[in-house]
Amino acid sequence: MREQKDELQSVAAKLGVGGYQRHVLLCTGPNCCTPEDGMAAWEVLKKELKDRNLGAGPQACYRTKVGCLRICCHGPTMLVYPEGTWYHGMTAERIPQFVQQHLVEGKPLEEWIFAKNPLGADQ
């Protein structure tokens, strides 16, 4: 049991878990978008985060590819935590602008947001 925990902690440390400021979850379909559109957006998201050095540091952002965020229309759907910002239509073409404005500059793109659910916000 201890060996498993040590291995998990080692992997988490290598990934920088504990140092991220944001977590981006991107649905890659097949219900909100085609798998091709979802994967194209995913590949651009990975590249943009790497190119802008957002894997570590004060603006570190973790990314997760998911099969469904349960908003099965007008995708690819994206969710950004901890602010809980829900985006629609996050195609490969939109990703660079999203990364620059939301993740780098801290200015969410209101015209693409359809819901907000911040974590830890007073209800």
Inter-residue atom distance T91.OG1 - M78.CE, 0.5 Å rounding: 9.5 Å
Could you see if I95 belongs to whatever hydrophobic cluster contains Y81? Use Ile, Leu, Val, Met, Phe, Trp, Tyr and a side-chain cutoff under 4.5 Å. no
Would you give the length of the straight line joining atom SG of C33 to atom CE of M39, rounded to the nearest 0.5 angstrom? 10.5 Å
To the nearest 0.5 Å, what is the distance between CD (Q4) and CG (L8)? 7.0 Å
Nearest non-hydrogen partners of F98 and M90, listed with the distance: CB-CE, 3.5 Å
Determine the minimum heavy-atom distance between P76 and G38, stating which atoms define it. CG-CA, 4.1 Å
For residues G106 and R22, report the shortest heavy-atom separation together with the two atoms involved. CA-NH2, 4.2 Å
Report yes or no: do L26 and L103 belong to one cluster of Ile/Leu/Val/Met/Phe/Trp/Tyr joined by side chain heavy-atom distances under 4.5 Å? yes
Is V44 linked to L49 within one hydrophobic cluster, defined over Ile, Leu, Val, Met, Phe, Trp and Tyr using a side-chain heavy-atom separation of less than 4.5 Å? yes
Return the CD to CG distance between E83 and N117, rounded to the nearest 0.5 Å. 11.5 Å
Is it the case that one hydrophobic cluster holds both W112 and W86, taking links as side-chain heavy atoms less than 4.5 Å apart, direct or via other members? no
For E110, is the CD atom crowded, meaning more than 12 foreign heavy atoms sit under 6.0 Å from it? yes
Rounded distance [0.5 Å steps], NZ in K50 versus CG in L45: 13.5 Å
Which heavy atom in G89 sits nearest to a heavy atom in R94, and how many Å separate them? O-CD, 2.9 Å
Are any side-chain N or O atoms of Y87 and backbone N or O atoms of L109, one a donor and one an acceptor, separated by less than 3.5 Å? yes
Membership question, hydrophobic clusters at under 4.5 Å side-chain separation (ILVMFWY): are V11 and Y20 in the same one? yes
Heavy atoms of L25 and L69 approach each other most closely as O-CD1, 3.9 Å
Other residues, nucleotides and ligands only: do more than 12 of their heavy atoms fall within 6.0 Å of CD on E105? yes
Output a table of donor-acceptor pairs, distance under 3.5 Å, between side-chain atoms of residues 51-66 and any protein atom two or more places apart or on a different chain; print 'none' if there are none.
unit_1: D51; atom_1: OD2; unit_2: K47; atom_2: NZ; d: 2.5
unit_1: R52; atom_1: NE; unit_2: E48; atom_2: OE1; d: 2.8
unit_1: R52; atom_1: NH1; unit_2: Q100; atom_2: OE1; d: 2.3
unit_1: R52; atom_1: NH2; unit_2: E48; atom_2: OE1; d: 3.1
unit_1: Q59; atom_1: NE2; unit_2: V104; atom_2: O; d: 2.6
unit_1: T64; atom_1: OG1; unit_2: H23; atom_2: NE2; d: 2.6

What one should report as the nearest heavy-atom pair of H88 and E111 is NE2-O, 3.8 Å
